[in-house]
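For ligands, and for the atoms within them, numbers begin at 1 and follow the listed sequence.
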Amino acid sequence: MTLQTTKNKSAQHNSPEVLLGKSLAELTEWVQQQGQPAYRGKQLYQWLYQQGARSLVDISVFPKQWRDSLAGYPIGRSEIHYCQVASDSTRKYLLRLSDGLIIETVGIPTAKRLTVCVSSQVGCPMDCDFCATGKGGFIRNLKAYEIVDQVMTVQEDFGQRVSNVVFMGMGEPMANIAEVVAAVKCLNQDVGIGARSLTISTVGIPGTIRQLAQHKLQIVLAVSLHASNQALRQQLIPSAKKYTLDRLLAECRDYVQITGRRVTFEYILLAGVNDLPENARELAQRLKGFQTHVNLIPYNPISEVDYQRPNQYRIQEFTKVLEESKIAVSVRYSRGLEADAACGQLRASKIQTATESLAQ
Ligand code: SAH
């Protein structure tokens, strides 16, 4: 379903002049093009990334006449359309982009951290069987600034610095690799989040893991494996038919070799489907000799399919088999479950409301 209300959709999105996402050097060049001295670039940079300016009119250090002439200039900030707070303090946001489309972003606070789960696309083309986002189809890629904006929005709403970012919201980051890499660089260099605290999660798009490796970023790469063999994987993930488990793992090995960094594998646990001890043994066999860490994700029920989350016994058994094979393993439970469990569901459940309010 498309949440599009404005007719000139592409006008703002193709605009090269949106300011958020630009580096200090680019902003300096921009102010100079506007006939201003170079030092205004540094001021703009600070107001964009430290003060969270939403309009150039807000930047009080700029001369009034220039500010007024820039009223309405696109900075690249979204608006919070809806925010739902769970009892564990997780906040799920629906953000409205400049063309009226809605994306989902989550802020997850813990004692020492504030993690943001960002979307990289509006919708998702991958259509994994267990994922709510894929059920709604794919609309478009996000621009780098629209990814950076999500982090800034959560930071401002919590009034706290964001420590970690995970690309585990809507979309497949590697299907939008150029904008995702640009966003990662901006989050690291301009927003100031450590590269090792940025995680890209991918189900695998041929060639892109090697491509990412060439950037030599010190980020964490998480690969959504979800199955211990090809037959099972292609049953859960349609794109795996063409991009086999063997090819995916070969690319991951190259990534480790090129970057010197290990790869994390994510494995969703679906009761009776991929959570049996033999699946764990097969997985351990597959990952032998791999410098890795496995994240087990017990399934979050979504309404469109009837998979089940395994019980504690099954989860522990699976964990034990991997540990016995000397594979580092952790179980990751999703936070903010009552705020519409799995990612993509909040958006799906609010799509009606959003459409109504946007139509007004
Ligand atoms: N497209 C990327 C990132 C988005 S999803 C990827 O596939 O990695 C982030 C993680 O959440 C992925 O591992 C995905 O498989 C998982 N996920 C999706 N739906 C889920 C559900 N219903 N329950 C638990 N995990 C889910």
Would you call R67 and L56 a side-chain contact if the rule is heavy atoms closer than 4.5 Å?
-> no
Mind checking whether G169 has a heavy atom under 4.0 Å from ligand 1?
-> yes
ring-ring contact (aromatic ring centres under 6.0 Å, His included) filter on Y255, not counting sequence neighbours, yields none
Distance only, no hydrogens: is a donor on one side chain within 3.5 Å (strictly under) of an acceptor on the other, for E146 and Q150?
-> no
Quick note on ligand 1: atoms under 4.0 Å from a heavy atom of C131 include exactly 18 (C), 19 (N)
In terms of ring plane angle, is the pair W66 and F62 parallel, tilted or perpendicular, where the classes change at 30° and 60°?
-> tilted
Judging by distance only, is a nitrogen or oxygen of S201 under 3.5 angstrom from one on ligand 1?
-> yes
How does V223 reach ligand 1, by side chain, by backbone, by both or by neither, if only non-hydrogen atoms under 4.0 Å count?
-> neither
Aromatic plane relationship, Y299 with Y307 - under 30° parallel, 30 to 60° tilted, over 60° perpendicular = perpendicular
With heavy atoms of V203 as the reference, note each atom of ligand 1 found under 4.0 Å away.
-> 6 (C), 7 (O), 8 (O)
Could you tell me if any non-hydrogen atom of G171 lies under 4.0 Å from any atom of ligand 1?
-> yes
H226 neighbourhood, listing ligand 1 atoms whose heavy-atom distance to it stays under 4.0 Å = 13 (O), 14 (C), 15 (O)
Would you check the N or O atoms of F130, main chain and side chain alike, for any that come under 3.5 Å of an N or O of ligand 1?
-> yes
What atoms of ligand 1 come closer than 4.0 angstrom to any heavy atom of I302?
-> 22 (N)
Ligand 1 contact by M174, heavy-atom criterion under 4.0 angstrom = no
Could you give the side-chain donor-acceptor pairs of residues 168-178 under 3.5 Å, partners two or more places apart or in another chain?
{"unit_1": "E172", "atom_1": "OE1", "unit_2": "V203", "atom_2": "N", "d": "3.0"}
{"unit_1": "E172", "atom_1": "OE2", "unit_2": "M174", "atom_2": "N", "d": "3.0"}
{"unit_1": "E172", "atom_1": "OE2", "unit_2": "T202", "atom_2": "OG1", "d": "2.6"}
{"unit_1": "N176", "atom_1": "ND2", "unit_2": "S120", "atom_2": "O", "d": "3.0"}
{"unit_1": "N176", "atom_1": "ND2", "unit_2": "L142", "atom_2": "O", "d": "2.9"}

Part of E172 within contact of ligand 1 (heavy atoms, under 4.0 Å) | both
State yes or no: are the ring centers of Y73 and W30 separated by less than 6.0 Å?
-> yes
Does any donor atom in the side chain of D149 or S78 lie under 3.5 Å from an acceptor atom in the other side chain?
-> yes
Would F167 count as a contact of ligand 1 if the rule is a heavy atom under 4.0 Å away?
-> yes
Contact region, N300 to ligand 1, non-hydrogen atoms below 4.0 Å, reads both
Within a radius of less than 6.0 Å around CD of Q291, do more than 12 heavy atoms belonging to other residues, nucleotides or ligands occur?
-> no
Atoms of ligand 1, numbered as shown, that sit under 4.0 Å from any heavy atom of M168 | 4 (C), 5 (S), 9 (C)
